[in-house]
Structures are given as C-alpha cells and as structure tokens.
Amino acid sequence: MNCYNCGALLTENDFCTGCGADVRHYKKIIGLSNLYYNDGLEKANVRDLSGAIRSLTECLKLNKFNIDARNLLGLVYFEMGETVNALSEWVISKNLRAEKNIADDYIEAVQNNPTQLENLNQATRKYNQALVYCQQGSLDLAVIQLKKVLSIHSRFLRAHQLLALLYIQAEDWEKAKRELNKCARIDVRNTTTLRYMKEVSGAMVEDDAKGAHRSRKTDDVIKYQSGNETIIQPVNVQEPKKSLSFLIYLLVGAAVGLAVALTLIMPARIQTLRTQLNEESRAVGEQLDKRNAELSELQARVSQLETSNGELTAELDAYAGTDGTLQTVENLLNAAYIYLDTPEDIESLAEALEAVDAESMNSDTISEAYRSLYDKLLEIAGPDISQTCLQSGNAAYRDGDYDTAITELERAFNYDETNSDALLLLGDAYRRNGDSRNATRIYNQVIELFPRTENARRAESALSELEG
C-alpha cells in the first residue's frame, strides 16, 4: 500500500515514513475497499452477479483507483448482457492506468469482432423497442421482440426477466417459470428474479389447490410434452364428416376467388407498384445528381486549397529554407553572438558572416535594424578578419599555394577595402599563378584606389614587367 500524499510504501505505522502524513484512516478505507473487492470476487465465482455488483460498487466508492475491481465489475456486467456498462467500466480503467492493464484485452476482444459487436448492438436496440411496445400496451409484439433479442444474445438477463414478466401478465406460469430458471442460471441471487419466482410459484400452487385446471385436463383434454412445447388435444370430439359436395364447393370458391384476384386486384396492384417504383427511381436520380454536384464542388474546393497550400508552402520555404530570410537572420545573430562571446575567434566570426546571404540585404523583408547590425559587424570586425585572411594568404603565397592565396586575399580585401597590401599581394598571386589578365586587372585597381602610394608604385612596376 502506498501513501496517498507522496506515494511512498507504507509500513505498520499510522503515519507515512516518507512525508509524515496521517494514514490511519486511509489504511482503513483501503482495507475496507479490498474487503469489498474480495467479497465481490467470491460472489462472482458462484454466479451471484447482483451481489458481486453491489460489493464491487461499494469497493469503487471507497477507492476509485482499484483497477482490478473495476475490470471485474466490467466482466460481471458483460456476463449479464450489459455491454454498454461493461465497456464504460473498462474505458474508465484504461484512463486510470494506460499501461499494463488487462482492460485493453477486453476492449480489443469486443471491438475486433465486428459480428459480435453488431449482434450486441442489435440486441440492445430490439430490447429498447420491446420496452416501447410494453409502454404502448402491445404485449404480444413485445414478446416477439424479446424472443428475437434472446436468440441473438442468450445471456441478456434483463430481457429474460422482462419476458418472464410478460408471461406472468398473461398467466402463462409454465413459460414464466422456464424464463426465470434461465435467469437463475445466469445470476443465482438476483432479487428481481427471486421476486418473480415467488409470484409464479404462489400462482401455480393456488391453481393446483383449486384443481380446476387438473380436472379439465383429465375430462376434456389430453396434455403431453413434445420437446419444449406442451401439446393439448381435446378428447371426445368427433371430426366433421367431409362430403364430396363440400369439396366441390371449396374448389369452385377458390377458383372464383383466384379469377377475381387476377382480373381486378392484380392489375391495379401492379400499376401501383410500377408508379411507386418510378417515383423512387426519380427521387434516387435527383439525389444522385445532387450528390454529384456537391462532389464536383468539393473537388474544386480541394483543388483550390491544394493550390493555396502550395503557394503558402513555397512562401514558407522562402522564409525558413536554407537560403530563406529566417535562416539568414539566424546566421547574422550567430555571427553577433560569436563576436560578443569570443571576439578573438576571428575565423569562426568570418565563417558566420560569410554564411549571411549578402544579396538578402536588398530584400524588402529585411528590416533596417538587420541591415544596421550587419553593417556594424562588418565595420567593427572587418579589419581584424581582413588582417587574418591577409596573413593566411601571405603564408600560402610563400608556400607556392597560389590558389589558396588568391582565395584568402580576396576575402581579406572584401572585408576591408582599404587593405592595399592584400590587394597588391592578390595581383602578385595571380601573376605567379599564370593568370596575367586578372593580375593586370588587380594592379590597375591598386593604382586607381591607392594613388601616389608605395603599393601603387609597386603595382606600376609589376605592370611594366608584365607588358615587357
């Protein structure tokens, strides 16, 4: 037994060793609940289903989390034909304990058998219809309906009891007793069954005491049992003598009746059926046209929604994709975080800034604050990144790796357009790599951007060597 407050395992003490809560009354309640459960289990084992229901109900009043009691109550209800009540208890049990609960098997056994489930539903509907017939006073129809119910679901206790009650109403004590015996086999101590049986037994004893029924059987009838039916045959009754004329009259009458039916009744009946069939066909055709129109409208609506969905998806991808606005903003925020957290990690900062789509700066979806942040990062960190790239490019240039040198030197000039050393060395790298056209372009750019400087003079000298 666990504590209701903290869930700790309780000991023989009247308090919880985990949280100190007073569990004296709680232990009594749980113990009484378990006592009711054991009593209900014993009664269910001897088919005292009504007593089991009372005990298990009291058990659940004291402890609604007693899963075993709730599952057993569902089984008792199901055995009595109360399928709805049984499923209700099992569903509640499933909600209280989702894992390792045998109620899953019970529910699955009912739901995975469509034939059985449909039979149970049909039996319930027919039983309700029998109740309606009883309220309307149509007792014969109610008896027929209840027999159909019991042919579908033979353990439906309330249907047996209602049928027995109708037999009692009709003073058919033998049939009532047979139905009540079936009820007793399902639920041995059901108070309703016992009360009906007492009435039937008293009525049968009273009839035996009067002796009227027995003397009538002896004098006027012969009564014997054939299977489940009681056959009553009158005695001392002579059959009427059949004459030839009677047989002729009978045949003539049948022939005349048949001729009248074929001549007068059948054509009108056939015409009525044809008219009814035509009206039903026309109604079905109109309904089918209406359904087709609704289907076409729905299909058009679906096509429109699919088109709209495609447009929205494309727009969302434009914002959230690898090249979208959201990704670009995330890259810029990452670069800002790197600069604020580890400003000395120049290489990581450069990679983060290069991940930002520079073309997105011209997009209408980019805010002014975003552009300002990007420009500010380039302004602050650009010179440092440029110097780092210049050092990497210079090292590659000295090692003869001119392709790497060109890449690093272009990055250096892109981050700091005042870095004339990076631009001049880029021209030398192109020249060493055999690309005279780009070398000439870069040297001219040095002369144009940095006139009257040492680097401009060196660029002019390099151009003279190229032309020579």
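The figures here come from the full heavy-atom set of this structure, side chains too, leaving out hydrogens, waters and symmetry mates.
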Q: For the side chain of N433 and the backbone of D435, is there at least one donor-acceptor N/O pair under 3.5 Å apart?
A: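 Looks like no, no N/O pair under 3.5 Å.
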
Q: If I take atom CD from residue E460 and atom CG from residue N444, how far apart are they, to the nearest 0.5 angstrom?
A: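 Reported to 0.5 Å precision, the distance equals 9.5 Å.
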
Q: Do side-chain atoms of T453 reach the backbone of A456 as a donor and acceptor pair under 3.5 angstrom?
A: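 Yes, T453 side chain to A456 backbone: donor-acceptor pair under 3.5 Å.
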
Q: Would you find a donor on one side and an acceptor on the other, under 3.5 Å apart, between the side chain of S33 and the backbone of I29?
A: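 Not a single qualifying donor-acceptor pair exists.
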
Q: Can you tell me if D187 uses its side chain to pair, donor with acceptor, with the backbone of L49 under 3.5 Å?
A: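 At least one qualifying donor-acceptor pair exists.
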
Q: Is the CZ atom of R155 crowded by more than 12 outside heavy atoms at less than 6.0 Å?
A: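 Check passes, neighbour count above 12.
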
Q: If I compare all heavy atoms of T57 with all of I53, which pair ends up nearest, and what's the gap?
A: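 That would be OG1-O, 2.6 Å.
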
Q: Mind telling me whether Y397 and Y402 have parallel, tilted or perpendicular rings, with 30° and 60° as the class edges?
A: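 Perpendicular, since the angle between the ring planes exceeds 60°.
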
Q: Would you find more than 12 non-hydrogen atoms of other residues, nucleotides or ligands less than 6.0 Å from Q136 atom CD?
A: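 Above 12, so yes.
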
Q: Counting only N and O atoms by type, is there a donor-acceptor contact under 3.5 Å from the side chain of S308 to the main-chain atoms of Q304?
A: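 Not confirmed, S308 side chain does not pair with Q304 backbone.
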
Q: List the steps and the verdict of side chain to side chain contact (heavy atoms under 4.5 Å, CB included) for V132 and N128.
A: CA-CA 6 Å; V132 174; N128 293 333; 5.8 Å; no

Q: May I ask you to check whether over 12 heavy atoms, not counting those of R441, lie within 6.0 Å of atom CZ?
A: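 Result for CZ/R441: enclosed.
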
Q: Does atom CD (E118) have a neighbourhood of more than 12 heavy atoms from anything else shown, all under 6.0 Å?
A: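 Correct, the count exceeds 12.
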
Q: Tell me, yes or no, whether the heavy-atom count around K43 atom NZ, taken from other residues, nucleotides or ligands under 6.0 Å, exceeds 12.
A: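 Yes - once you tally the heavy atoms of other residues, nucleotides and ligands closer than 6.0 Å, there are more than 12.
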
Q: Please check this pair: side chain of S461 against backbone of R457, looking for a donor-acceptor N/O pair closer than 3.5 Å.
A: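 Side chain of S461 to backbone of R457, a donor-acceptor pair under 3.5 Å: no, none is there.
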
Q: Give the minimum heavy-atom separation between E79 and I186, together with the two atoms involved.
A: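 In terms of heavy atoms, the two residues are closest at O-CG2, 4.2 Å.
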
Q: Is there side-chain contact between L277 and L273, with at least one heavy-atom pair below 4.5 Å?
A: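 Result no, sub-4.5 Å side-chain heavy-atom pair not found.
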
Q: If a pair satisfies salt bridge (Lys or Arg N to Asp or Glu O under 4.0 Å) and one of its residues is in residues 98-115, list it, with sequence neighbours excluded.
A: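 Listed once each, the pairs are K94-D104.
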
Q: Which heavy atom of T83 sits nearest to which heavy atom of F78, and what is that distance?
A: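 Looks like CG2-CE1, 4.2 Å.
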
Q: For T193 and R189, indicate whether the former's side chain and the latter's backbone hold a donor-acceptor pair under 3.5 Å.
A: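 Between the backbone of R189 and the side chain of T193 there is no qualifying donor-acceptor contact (under 3.5 Å).
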
Q: How far apart are the C-alpha atoms of E82 and L157, what are their side-chain angles, what is the distance that settles it, and do they pass the side chain to side chain contact (heavy atoms under 4.5 Å, CB included) test?
A: CA-CA 8 Å; E82 305 290 341; L157 180 62; 5.9 Å; no

Q: With distance as the sole criterion, is a donor-acceptor pair present between the side chains of R431 and Y443 under 3.5 Å?
A: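 The answer is yes; a qualifying pair exists.
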
Q: Looking only at non-hydrogen atoms, find the nearest pair between R47 and R185 and report the distance.
A: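 The answer is NE-O, 3.1 Å.
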
Q: So, N394 and E408: side-chain donor and acceptor under 3.5 Å apart, yes or no?
A: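 There is no such pair (donor and acceptor under 3.5 Å, judged by atom type) between the side chains of N394 and E408.
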
Q: Between I30 and N34, does the side chain to side chain contact (heavy atoms under 4.5 Å, CB included) criterion hold? Intermediate values first, please.
A: CA-CA 6 Å; I30 297 301; N34 294 334; 3.8 Å; yes

Q: Atom CD of Q145 and atom CG of L150: how far apart are they, to the nearest 0.5 Å?
A: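 With rounding to 0.5 Å, CD (Q145) is 11.0 Å from CG (L150).
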
Q: Is the side chain of N309 donor-acceptor paired with the backbone N or O of L305 at a distance under 3.5 Å, no angle test?
A: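 Side chain of N309 to backbone of L305, a donor-acceptor pair under 3.5 Å: no, none is there.
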
Q: Would you sort out whether R70 and K64 count as a side chain to side chain contact (heavy atoms under 4.5 Å, CB included), showing the intermediate values?
A: CA-CA 8 Å; R70 196 172 294 279; K64 69 177 182 179; 3.7 Å; yes

Q: Does the distance from a Lys or Arg side-chain N to an Asp or Glu carboxylate O, for R301 and E306, drop under 4.0 Å?
A: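 Not counted as a salt bridge, because no side-chain N and carboxylate O are separated by less than 4.0 Å.
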
Q: If you count the non-hydrogen atoms of other residues, nucleotides and ligands that lie under 6.0 Å from CG in N278, is the total more than 12?
A: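 For N278, atom CG is crowded (more than 12 foreign heavy atoms under 6.0 Å).
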
Q: State, to 0.1 Å, how close L166 and C134 come at their nearest heavy-atom pair, and which atoms those are.
A: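 Of all heavy-atom pairs spanning L166 and C134, the closest is CD2-SG, 4.0 Å.
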
Q: Go through the side-chain N and O atoms of D416 and T418 and say whether any donor and acceptor fall under 3.5 Å apart.
A: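 Result is yes, a qualifying pair exists.
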
Q: Working to the nearest 0.5 Å, report the span between CG of L424 and CD of Q445.
A: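 Output value for this atom pair is 11.5 Å.
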
Q: If you count the non-hydrogen atoms of other residues, nucleotides and ligands that lie under 6.0 Å from OH in Y36, is the total more than 12?
A: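 No - once you tally the heavy atoms of other residues, nucleotides and ligands closer than 6.0 Å, there are 12 at most.
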
Q: In Å, rounded to the nearest 0.5 Å, how long is the span from NE2 of H160 to CG of N190?
A: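 CG of N190 is found 12.0 Å from NE2 of H160.
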
Q: To the nearest 0.5 Å, tell me how far Q299 CD sits from N292 CG.
A: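 Answer for the CD-CG pair, Q299 versus N292, is 9.5 Å.
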
Q: Given 3.5 Å as the limit, does a donor-acceptor pair link the side chain of S93 with the main chain of E89, or not?
A: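 Side chain of S93 to backbone of E89, a donor-acceptor pair under 3.5 Å: no, none is there.
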
Q: Just by distance, no angles: are the side chains of N71 and N101 close enough, under 3.5 Å, to form a donor-acceptor pair?
A: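 Present: a donor and an acceptor within the cut-off.
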
Q: How long is the gap from CG on L409 to CD1 on I442, to the nearest 0.5 Å?
A: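 Reported value, rounded in 0.5 Å steps: 10.0 Å.
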
Q: Between L390 and A422, which heavy-atom pair has the shortest distance, and what is it?
A: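 Nearest heavy atoms, L390 then A422: CD1-CA, 3.6 Å.
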
Q: Between E58 and K61, does any NZ, NE, NH1 or NH2 come within less than 4.0 Å of an OD or OE carboxylate oxygen?
A: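 A salt bridge links K61 with E58.
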
